[in-house]
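Worksheet: the structure to be examined is printed underneath.
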Amino acid sequence: MLTIQHNIDLGEHTTFGCPARAEHAAVVTNIQDLQEAVAYARDKGLAIRVLGGGSNVLLTGNVAGLVIINQIYQRAECVDGHDVHIRFGSGENWHDAVTWTVSQGWSGMENLALIPGTVGAAPMQNIGAYGVEQASIFEELEAFHFESGEIRKYTAVECDFGYRVSVFKRELRDKVMITSVTYRLSLDPKLVTSYRDVQEELAAMSITTPRTLDIYNAVVSVRTRKLPDPRVIGNAGSFFMNPVITAEQASELLEKYPTMPNYPQSDGTVKVAAGWLIEQCGWKGARNGASGVHDRQALVLVNHGGAVGSEVLELAEKIQRSVADTFGITLVREVNVW
Ligand SMILES: Cc1cc2nc3c(=O)[nH]c(=O)nc-3n(C[C@H](O)[C@H](O)[C@H](O)COP(=O)(O)OP(=O)(O)OC[C@H]3O[C@@H](n4cnc5c(N)ncnc54)[C@H](O)[C@@H]3O)c2cc1C
């Protein structure tokens, strides 16, 4: 039977590690638990929020209502010719899922190795890294609707995936819990090696004809070297999304800042590196109380120890103002602020 806990410490459930308590919380391991938890919240008129690995949430104060902590584990695969369909329970750890598929010789998830968090949160912001987004291997998911109690299937089109966004981050935010996700992998690898970091790592490993496992190893190695480990210093990865601006604005900026990294998109817009903009404004390594900007990755805000969420948020707002004043670009948060 499901246990509802009260006034629990949530900080230790997030990678930022900022302190906050949940008014009510329930660890959910299956659909029946979830139904009971939602019924409890409905009886008491409580708002519901879902927490996976807490690697993309900044806690800025105590959380009213019920926090569902997702521990729904499941793996079921079906091989169909060269395709492998794998259904994961949404509480499965993402990196463990990637490691397992690679060890089975299945290709598709290798570029997304070492991203923290759960499988269920991956469609929420359509996670991506090193030239691949989860949308490219996505088949379908199931989501439990808090209001109706129904479980509904969603195709990729219905999820409306975009750059770090989906319907679950917009219209359906805090209205559903994703309970399972099915990915289509392949026995016939189509490897993505377009990213310079991956190419350089493969070259350093003296690999000229990479296999799926080589890409996985290269990504793990690059990420371990370049990204701050949340077990050592609290953070939630990239705090802001890379802004997408018009071609006209990009060319005006490039006249003034010829070295500005920019990535023309197929729809004519241009993606700009948020980390570069922040660094140009002098924020790299800066501090605001116990929070700060990482000294090697300006896109990552960190908790140096004992930072409260409001300090981190204040720092983020100062950065947004200074980037807007300097470049006329609005930085949008990638991290979910609770
Ligand atoms: C060091 C580091 C590196 C990172 N690198 C990357 C990267 O390369 N690419 C990238 O895209 N992201 C990256 N991230 C961000 C983060 O890992 C991903 O967004 C991840 O998918 C979050 O998973 P989570 O389970 O921790 O979600 P949480 O932080 O627990 O939740 C994030 C949001 O999703 C919602 N949510 C969680 N689970 C569910 C569910 N089952 N159903 C409905 N809503 C849900 C929550 O309510 C919350 O709003 C990084 C983070 C860190 C700390």
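In listed order, ligands and their atoms are each counted from 1.
With a 4.0 Å cut-off on non-hydrogen atoms, Gln125 touches ligand 1 through its side chain and not its backbone. Counting heavy atoms closer than 4.0 Å to ligand 1, residue Ser55 contributes atoms from both its backbone and its side chain. Contacts of Ser238 with ligand 1, taken as heavy-atom pairs under 4.0 Å, are absent altogether. With a heavy-atom cut-off of 4.0 Å, Trp338 touches ligand 1 through its side chain alone.
Closest to atom 31 (O) of ligand 1 among all protein heavy atoms lies Val57 CG2, 3.7 Å. The protein non-hydrogen atom at the shortest distance from atom 21 (O) of ligand 1 is Ile127 CG2, 3.3 Å. Among protein heavy atoms, the minimum distance from atom 13 (C) of ligand 1 is reached at Ile115 CG2, 3.8 Å. Among all protein heavy atoms, the one lying closest to atom 24 (P) of ligand 1 is Gly53 N, 3.4 Å. Ranking the protein heavy atoms by distance from atom 28 (P) of ligand 1 puts Gly54 N, 3.6 Å first. Looking at atom 27 (O) of ligand 1, its nearest protein heavy atom turns out to be Ala121 CB, 3.3 Å. Summary of contacts: the protein heavy atom closest to atom 29 (O) of ligand 1 is Asn56 N, 2.7 Å.
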Tell me, with the steps shown, if Glu334 and Gln125 meet side-chain hydrogen bond (donor to acceptor under 3.5 Å, both in side chains). CA-CA 8 Å; Glu334 179 180 317; Gln125 73 151 6; 3.0 Å; yes
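The contact set between ligand 1 and Ala129, taken as ligand atoms under 4.0 Å from a residue heavy atom, comprises 8 (O). Atoms of ligand 1 found under 4.0 Å from any heavy atom of Pro228 (numbered from 1 in listed order, with element): 1 (C). Distances below 4.0 Å separate heavy atoms of Leu51 from the following atoms of ligand 1: 30 (O). Atom numbering of ligand 1 starts at 1 in the shown order; those under 4.0 Å from a heavy atom of Gly117 are 23 (O), 24 (P), 25 (O), 26 (O). Near Arg164, meaning under 4.0 Å from one of its heavy atoms, ligand 1 places the atoms 11 (O). Within the listing of ligand 1, atoms 41 (N) sit less than 4.0 angstrom from a heavy atom of Asn70.
Proximity of the aromatic rings of Phe88 and Tyr73 is defined here by a centroid distance below 6.0 angstrom, and this criterion is not met. Ring to ring, Phe239 and Trp283 are not that close: their centroids are 6.0 angstrom or more apart.
Using a 4.5 Å heavy-atom cutoff, the side chains of Asn303 and Val312 are not in contact. You'll find the side chain of His85 reaches within 4.5 Å of the side chain of Glu139, heavy atoms only. Side-chain contact check for Cys18 versus Leu58: some heavy-atom pair is nearer than 4.5 Å. Within the 4.5 Å cutoff, the side chain of Thr14 has no heavy atoms near those of the Ser55 side chain. Using a 4.5 Å heavy-atom threshold, the side chains of Phe240 and Ile319 count as touching. Side-chain atoms of Phe16 and Leu301, non-hydrogen and from C-beta on, do get closer than 4.5 Å to each other. Considering only heavy atoms from C-beta on, Pro230 stays 4.5 Å or farther from Val232 through its side chain. Counting heavy atoms from C-beta outward, Asp160 and Ser166 have side chains that stay 4.5 Å or more apart.
Ring pair Trp106/Trp100 is perpendicular by interplanar angle, where above 60° counts as perpendicular and below 30° as parallel. Note: His95 and Tyr216 have parallel aromatic rings, judged against thresholds of 30 and 60 degrees for the angle between ring planes.
Between Glu334, Lys175, Met124, Lys169, it is Met124 that holds the heavy atom closest to atom 35 (C) of ligand 1. Distances from atom 33 (C) of ligand 1 to the heavy atoms of Val176, Asn336, Val337 show the closest one on Asn336. Comparing heavy-atom distances from atom 1 (C) of ligand 1 across Val50, Leu227, Val335, Asn235 singles out Asn235 as nearest. Between the choices Ala122, Gly237, Gly128, the shortest heavy-atom distance to atom 7 (C) of ligand 1 belongs to Gly128. Looking at Ile178, Val219, Ile69 and measuring to atom 40 (C) of ligand 1, the nearest heavy atom belongs to Ile178. Between the choices Ala143, Pro116, Ala113, the shortest heavy-atom distance to atom 50 (C) of ligand 1 belongs to Pro116. Remark: among candidates Arg223, Arg231, Glu133, Gln134, the nearest residue to atom 8 (O) of ligand 1 is Arg223, based on non-hydrogen atoms.
Heavy-atom distances between Met177 and ligand 1 reach below 4.0 Å in at least one pair.
Checking Ile72, Val28, Val27 one by one against Asp33, the side chain to side chain contact (heavy atoms under 4.5 Å, CB included) holds for a single residue, Val28.
A salt bridge does not link Arg87 with Glu77: none of the charged nitrogens is closer than 4.0 Å to a carboxylate oxygen.
Taking distance alone, with nitrogen or oxygen atoms compared against 3.5 Å, Thr118 approaches ligand 1 more closely than that limit. By the 3.5 Å distance cut-off applied to N or O atoms, Gly52 is counted among the residues near ligand 1.
A cation-pi arrangement is absent between Arg170 and Phe168 under the rule of less than 6.0 angstrom and at most 45 degrees off the ring axis.
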